[in-house]
Amino acid sequence: MSISAKTNNQDEGSSADQYDVVIIGAGLSGMYQLFRLRQLGLSVRVFEAGGGVGGTWYWNRYPGARFDSESWTYGLSFSQELLDEWDWSEHFSPQPETLNYCNYVADKFDLRPDITFEMRAKQAVYDEGANEWEVIFENGHRTKSRFLITAIGPLSAPTMPIIDGVDEYKGEAYHTGTWPHHPVSFEGKRVAVIGTGATGVQTITEVAKAVGHLTVFQRTPNWCAPLHNKPIDKTEMMEIRSRYDEIFETCKNSFGCFIHAADDRLAMEVSAAERDAFYEELYASPGFGIWLGNFRDVLTDQAANDTLTEFVISKIRSRVIDQDLATKLIPTNHGFGMRRIPMESGYYEVYNQDNVELVDVRDTPIERITENGIKTSDGNYEFDMIIYATGFDAITGAFDRIDIRGIGGASLKEKWADGPETYLGLQIAGFPNMLTLVGPHNAATFCNIPRCIEQNVEWVTDLMRYMSEHNYSRIEASKKAEDDWTQHVYDSAAQLLLLKADSWMTGINTNVAGRQKRTFMAYAGGAPKYRAICEDVAANDYKGFKLS
Ligand SMILES: Cc1cc2nc3c(=O)[nH]c(=O)nc-3n(C[C@H](O)[C@H](O)[C@H](O)COP(=O)(O)OP(=O)(O)OC[C@H]3O[C@@H](n4cnc5c(N)ncnc54)[C@H](O)[C@@H]3O)c2cc1C
């Protein structure tokens, strides 16, 4: 096979392994890509920073971590046996169950022998003369391969807040994205949670059940909506299983591969009473329906969005007893749905507890972390535990943490300093033979992600097969294709109101230097359109790519 490098595999742990393909990351993307490329007869090795498979579900063990995708739409769909064997026990599975699922997938398809754990890539360098990549790991290990596939995750680079004194604190301290493997008790403790994004909302709701006293430090309130999770019994699981074909077909044809698709109506073409009745119905329904299954213009038309925003405000006000507190919990700088909606199970009611306090850091900023707690402009708070629910350097963060060097030593981080540039969110001009699963400007970033992972992985697998059949060993996006795609990404997002809000979708993260300028990280043309474009590129001999 011409796409093969000289495969001179050596034992794990040696200093110069060589493979056809190196994959970084053993979440669902890396695992499924490994499975597919092995079927092509390629030598493939996965390197994973963590001690096990599962990616997101390996790391995010914080209390309350669970899906906001319906479990039965999230699982991998490529194997009928897997679908037949795996039972989901809740409509929105908690993290331990999803991690079990990832382990089940790894065992069922015997993936572990081809994965090396506890290997964090720190540098990846393309050698033009040899047409191969060398990856260098933090422990000094090096490996070479013809192809490099990044499966490093959209939400896998945890960020700490930029606050003085973080290292001085002497109590227990955890980040939700690197939660310890041992049990953590909150019983009787004075606990602080910093951050009220999706992970903060889940953590706060769960910690509040057991804590002595909880203080939530909020900078930006988010619009949250009820998840309405419930168990799945054997009978219901059988019923779901009997509908898998239909479920995956629905996902395939919806904008973000969820079962929720926008309603055909415009918000203003129905009466106010009808509109409110529809909002009530969605608010009482499970999952992302209120966000993604709403009137088709609520995310694009300001007046339509205002009606939904007003409705959700009334819901928050009805759930929080203290109306001054409710006011603090209501976002004022963006409308409902302009950021990914944290799904909650009793979040607002937490603030009705006597032992829960909200500190709005817009009014009283955090000045520093002290030995015993947190100092704000208003005074000192002492805590037994601080939980940092401060999220991730999303989408490009995991790339930036690897020093990736393409042709002539060009740095990917520098290339993307003003925002990502890619072709199809899968390849980058100047970085031949590197493919980016769930990368920036890829539909997977705006998706019920495994549905898009399957599309990404199968497209890359077909590409590898094509290259092999045509005796090609090098692929690189042309600069023009990359420029055209990048423009298309921005054009597709142009009508979205969310472009006006600071969020990880628009590239803003005040906890990361250099992430203060708005750009656009995702692809907003919708998964069906994205899939059609990718298929068209493949059907036309991978137009836009230079193959040799
Ligand atoms: C709390 C939480 C809840 C979520 N809920 C949903 C949901 O309900 N629905 C949904 O669609 N998506 C959800 N997501 C998004 C989730 O990330 C994706 O669904 C999916 O898990 C992505 O899989 P992946 O394999 O692409 O990336 P990941 O699962 O993030 O795996 C990437 C792997 O790459 C490894 N890695 C990264 N950098 C390096 C390096 N330098 N060297 C070696 N290894 C490296 C990481 O350790 C990690 O294991 C959620 C994310 C979080 C954080």
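Counting starts at 1 for both ligands and their atoms, following the listed order.
- Closest protein heavy atom to atom 23 (O) of ligand 1: I453 CD1, 3.8 Å.
- For the residue pair T116 and R45, a side-chain donor N or O sits within less than 3.5 Å of a side-chain acceptor on the partner.
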**Message:** Quick one, F255 with F446, criterion ring-ring contact (aromatic ring centres under 6.0 Å, His included). Give me CA distance, side-chain angles, the key distance, then yes/no.
**Reply:** CA-CA 9 Å; F255 181 89; F446 218 140; 5.8 Å; yes
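- Protein heavy atom in closest approach to atom 9 (N) of ligand 1: S69 OG, 2.7 Å.
- The closest approach between a heavy atom of K122 and any atom of ligand 1 is not below 4.0 Å.
- Under 4.0 Å from ligand 1, the heavy atoms of M119 that appear belong solely to its backbone.
- Between W86 and W88, the ring-plane angle classifies as perpendicular under the 30° and 60° cut-offs.
- W57 pairs in a ring pair (Phe, Tyr, Trp, His ring centres under 6.0 Å) with only one of the listed residues (Y104, F67, Y101), which is F67.
- A donor-acceptor contact closer than 3.5 angstrom is absent between the side chains of T390 and N511.
- Comparing G30, A121, A157, G52 by heavy-atom distance to atom 40 (C) of ligand 1, the nearest is A121.
- Interface atoms of ligand 1 facing L155, defined by a heavy-atom separation under 4.0 Å, are 51 (C).
- Using a 4.0 Å cut-off between heavy atoms, F137 makes no contact with ligand 1 at all.
- Near N60, with a cut-off below 4.0 Å to any heavy atom, the atoms of ligand 1 are 53 (C).
- Looking at C452, S492, C447 one by one, the single match for side-chain contact (heavy atoms from CB on, under 4.5 Å) with Y523 turns out to be S492.
- Nearest non-hydrogen protein atom to atom 4 (C) of ligand 1 is W57 CH2, 3.5 Å.
- The closest donor-acceptor contact from the side chain of S93 to the backbone of E90 lies at 3.5 Å or more, if one exists at all.
- In this structure, the protein non-hydrogen atom closest to atom 11 (O) of ligand 1 is I449 N, 2.8 Å.
- For ligand 1, the atoms lying closer than 4.0 Å to a non-hydrogen atom of N448 are 11 (O).
- Near I152, meaning under 4.0 Å from one of its heavy atoms, ligand 1 places the atoms 32 (C), 34 (O), 37 (C), 38 (N), 39 (C).
- S29 OG, 2.6 Å is the protein heavy atom nearest to atom 26 (O) of ligand 1.
- The only member of F248, F109, Y244 that meets ring pair (Phe, Tyr, Trp, His ring centres under 6.0 Å) when paired with F78 is F109.
- For the pair R120 and ligand 1, a heavy-atom separation below 4.0 Å is found.
- Using modelled atom types and a 3.5 Å distance limit, the side chains of W72 and H91 yield a donor-acceptor pair.
- Taking every non-hydrogen atom of G55 and a distance limit under 4.0 Å, the qualifying atoms of ligand 1 come out as 28 (P), 29 (O), 31 (O), 48 (C), 49 (O).
- Assignment of Y62 to the shell around ligand 1 is supported, since a heavy atom sits closer than 4.0 Å.
- Closest heavy-atom approach to atom 19 (O) of ligand 1 among the candidates Y74, F288, F392: Y74.
- For ligand 1 and V438, the ligand atoms under 4.0 Å from any heavy atom of the residue are 26 (O).
- Between the side chains of N294 and D263, no donor-acceptor pair is found at a separation under 3.5 Å.
- Nearest to atom 32 (C) of ligand 1 by heavy-atom distance, out of C257, S156, G25, A151, is A151.
- With a heavy-atom cut-off of 4.0 Å, I24 touches ligand 1 through its side chain alone.
- In this structure, C447 is part of the shell of residues with a heavy atom less than 4.0 angstrom from ligand 1.
- Those atoms of ligand 1 with a heavy atom of I402 less than 4.0 angstrom away are 41 (N).
- Exactly one residue among Y174, Y388, W59 makes a ring pair (Phe, Tyr, Trp, His ring centres under 6.0 Å) with W179. That residue is Y174.
- Counting only heavy atoms of the protein, atom 2 (C) of ligand 1 lies nearest to T56 CG2, 3.9 Å.
- Looking only at heavy atoms of the protein, atom 48 (C) of ligand 1 is closest to E48 OE1, 3.5 Å.
- Side-chain atoms of T486 never come within 3.5 Å of backbone atoms of E421 as a donor-acceptor pair (strictly under, hydrogens ignored).
- The protein heavy atom nearest to atom 7 (C) of ligand 1 is D68 OD1, 3.2 Å.
- Against a heavy-atom cut-off of under 4.0 Å, F67 is close to the following atoms of ligand 1: 8 (O).
- A cation-pi arrangement is not found for R339 relative to F336, the charged atom failing to lie both closer than 6.0 Å to the ring centre and inside a 45° cone about the ring normal.
- In this structure, H334 and W223 have perpendicular ring planes: the angle between them is above 60°, well past the 30° mark.
- At under 3.5 Å, not a single nitrogen or oxygen of A398, backbone or side chain, sits near a nitrogen or oxygen of ligand 1.
- The side chain to side chain donor-acceptor pair (under 3.5 Å) with Q18 is formed by just one residue from the set R146, E134, E132, K144; it is E132.
- Residue W59 has at least one N or O atom closer than 3.5 Å to an N or O atom of ligand 1.
- Interatomic distance, NZ of K108 versus CG of L76, reported as 12.5 Å (0.5 Å rounding).
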